[in-house]
Number of protein chains: 2
Amino acid sequence: MLFSKAGEYGLQVVLHLAAGQHDGFVTVRELADRCDIPFHFLSKICGRLAQAGILHSSKGPAGGVCLARPATGITLLEVVQAIDGLDGFDRCVLGLEPCDDGLPCPMHDHWHRLKEGVLEMLSGRNLGELADDLLSGNTTLNKEKTPAG
Amino acid sequence: MLFSKAGEYGLQVVLHLAAGQHDGFVTVRELADRCDIPFHFLSKICGRLAQAGILHSSKGPAGGVCLARPATGITLLEVVQAIDGLDGFDRCVLGLEPCDDGLPCPMHDHWHRLKEGVLEMLSGRNLGELADDLLSGNTTLNKEKTPAG
DNA sequence: CCAATAATAGACTAAAGAGTCCGAAATCTG
DNA sequence: CAGATTTCGGACTCTTTAGTCTATTATTGG
């Protein structure tokens with residue numbers, strides 16, 4: 001609805017890393033397993049996040065990825081921007097070409113307010129604060145499948 | 001971002017019909033031309049809208065489509081539901097499977113409020129009111145391409 | 001240096017979304 | 001009834017997104 005699958009996965013992983021309190025690198029394989037994300041697909045996503053300066057990465061044994069900066073200095077908006085881009089936020093909700101404050105479509109104003117709300121959701125709190133919510137048990141990233149049977 | 005292309009087109013057409021003050025049927029061809037939508041694609045969309053009881057349709061010469069009910073009795077939400085469905089509104093914004101008030105993801109609450117806002121945007125006003133905005137010139141559906149050259 | 005490990009890059013396949021085409025079936029006009 | 005018009009339905013192509021596979025490069029440990 002709001003993000004591509006890659007975007008969803010990227011957000012999950014970044015939150016996982018922020019809440020994980022890992023010292024060094026975590027392998028993409030482990031992230032993929034823990035978050036139930038196709039490994040090769042996640043590799044690409046982490047590549048983009050590394051290129052955007054959100055993750056650090058290291059090859060070889062004891063390598064992997066980790067947050068490139070303190071979690072308190074990273075917002076979800078950066079992550080979304082690195083993966084999905086922010087173009088969607090500039091487009092008319094009806095797909096009309098000339099739709100701005102000058103020539104607004106019937107939903108322009110209302111949608112504009114909602115978009116602001118989304119941007120605020122993505123940039124208002126940093127990864128550290130969200131990680132705190134996770135660690136305190138107020139929220140969760142669990143993606144457990146109900147055990148077979 | 002929020003709707004599929006088919007959904008966007010459907011909303012455009014329904015708004016166009018509501019604001020058009022047509023007496024009888026309008027051909028899908030004419031709608032496609034006016035709204036700059038691929039004709040065959042729009043045919044399918046109108047088919048769905050007709051099946052959902054939002055449009056009436058008639059074959060043959062002097063045939064076409066028209067709103068099945070007074071515009072004041074139709075909401076955008078119905079249109080979206082008929083074309084895209086409402087499943088997207090039930091899904092977690094991060095794509096997590098168990099994500100509800102009991103086991104919320106870090107964005108659950110915030111996203112829930114925003115979704116309510118979207119639903120309110122789609123159901124809060126009816127087609128008639130939106131058509132009034134269009135007719136009074138406060139809003140527009142214009143999709144003019146800048147003239148070649 | 002050698003072997004194992006892990007990210008990186010790119011080609012490839014699969015599935016979904018978007019758009020096209022054609023052959024009905026229905027309906028109006030003459 | 002004949003022919004033109006228009007919706008309806010399905011099959012089809014094209015593009016994008018999602019996901020897989022393979023080879024390469026860098027790093028670590030022995």
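Quick note on labels: first sequence line is chain A, next is B, and so on, each numbered from 1.
Look at CZ on Phe39(B): it is 10 Å from P on dC8(D), rounded to the nearest Å. Rounded to an integer number of Å, the gap from His40(A) NE2 to dC12(C) P is 17 Å. Rounded to an integer number of Å, the gap from CD1 of Ile37(B) to P of dT20(C) is 12 Å. Atoms CG (Leu42(B)) and P (dC8(D)) sit 11 Å apart, rounded to a whole Å. Leu31(A) places its CG atom 12 Å from the P atom of dA6(C), with the value rounded to the nearest Å. Nucleotide dC21(C) holds its C1' atom 12 Å from the CZ atom of Arg29(B), rounded to whole Å.
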In a table with atom names and distances, give each donor-acceptor pair under 3.5 Å that connects a side chain of residues 6-14 of chain A to protein atoms at least two apart or in another chain.
unit_1	atom_1	unit_2	atom_2	d
Glu8(A)	OE1	Lys5(A)	NZ	3.0
Glu8(A)	OE2	Arg91(B)	NH2	3.2
Gln12(A)	NE2	Leu94(B)	O	2.7

Validation: residues 80-87 of chain A side-chain donor-acceptor distances under 3.5 Å, sequence neighbours left out:
unit_1	atom_1	unit_2	atom_2	d
Asp84(A)	OD1	Ser4(A)	OG	2.5
Asp84(A)	OD2	Ser4(A)	N	3.0
Asp84(A)	OD2	Ser4(A)	OG	3.4

Counting only pairs under 3.5 Å, give me each side-chain donor-acceptor contact of residues 122-137 of chain B, with atom names and distances, residues two or more places apart or in other chains.
unit_1	atom_1	unit_2	atom_2	d
Ser123(B)	OG	Leu119(B)	O	2.6
Asn126(B)	OD1	Gly128(B)	N	2.8
Asn126(B)	OD1	Glu129(B)	N	2.9
Asn126(B)	ND2	Thr72(B)	O	3.2
Asn126(B)	ND2	Glu129(B)	OE1	3.3
Glu129(B)	OE1	Asn126(B)	N	2.9
Ser136(B)	OG	Asp132(B)	O	3.1
Ser136(B)	OG	Asp133(B)	O	3.0
Ser136(B)	OG	Asn138(B)	ND2	3.0

When the side chains of residues 23-33 of chain B are checked against the rest of the protein, which donor-acceptor pairs come out under 3.5 Å, sequence neighbours left out?
unit_1	atom_1	unit_2	atom_2	d
Thr27(B)	OG1	Glu30(B)	N	3.0
Glu30(B)	OE2	Arg34(B)	NH2	3.1

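Shown for residues 11-28 of chain B: residues whose heavy atoms fall under 4.0 angstrom of DNA chain D, namely Thr27(B), Val28(B). Within residues 45-56 of chain B, no residue places a heavy atom under 4.0 Å from DNA chain D.
Closest heavy-atom contact between Gly53(B) and Ala68(B): O-CB, 3.4 Å.
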I need a per-nucleotide contact map over nucleotides 24-30 of chain D, read 5' to 3'. Cutoff is protein heavy atoms under 4.0 Å; write B for the base, S for backbone only, - otherwise. -BBBB--
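When side chains are defined from C-beta on, His22(B) counts as touching Leu17(B), because their heavy atoms get closer than 4.5 Å. Counting only heavy atoms from C-beta outward, the side chains of Leu114(A) and Val118(B) approach each other to under 4.5 Å. Annotation: side chain of Leu103(B) is not in contact with side chain of Glu97(B) (no heavy-atom distance under 4.5 Å).
At most 12 heavy atoms of other shown residues, nucleotides or ligands fall within 6.0 angstrom of atom CD in Gln51(B).
A single hydrophobic cluster is seen to contain both Met1(A) and Val93(B), as judged by linkage of ILVMFWY side chains at heavy-atom distances under 4.5 Å, directly or through other members. In this structure, Ile74(A) is a member of the same hydrophobic cluster as Leu77(A), with clusters built from ILVMFWY side-chain heavy atoms closer than 4.5 Å.
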Contact list (N/O, under 3.5 angstrom) for nucleotides 16-18 of chain D vs protein:
unit_1	atom_1	unit_2	atom_2	d
dA18(D)	OP1	Lys5(A)	N	2.8

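Residues passing the side-chain hydrogen bond (donor to acceptor under 3.5 Å, both in side chains) test with Asp109(B): none are found, sequence neighbours excluded.
Residue pairs satisfying the ring pair (Phe, Tyr, Trp, His ring centres under 6.0 Å) criterion with at least one member in residues 64-122 of chain B, sequence neighbours excluded, are absent. Applying the salt bridge (charged side-chain N to carboxylate O under 4.0 Å, His left out) test to pairs two or more places apart or on separate chains, those with a residue in residues 68-80 of chain A are Arg69(A)-Glu78(A).
From one end of the helix from dC1(C)-dG30(D) to dG30(C)-dC1(D) to the other, with five pairs defining each end axis, the axis direction shifts by 0° (rounded to 10°).
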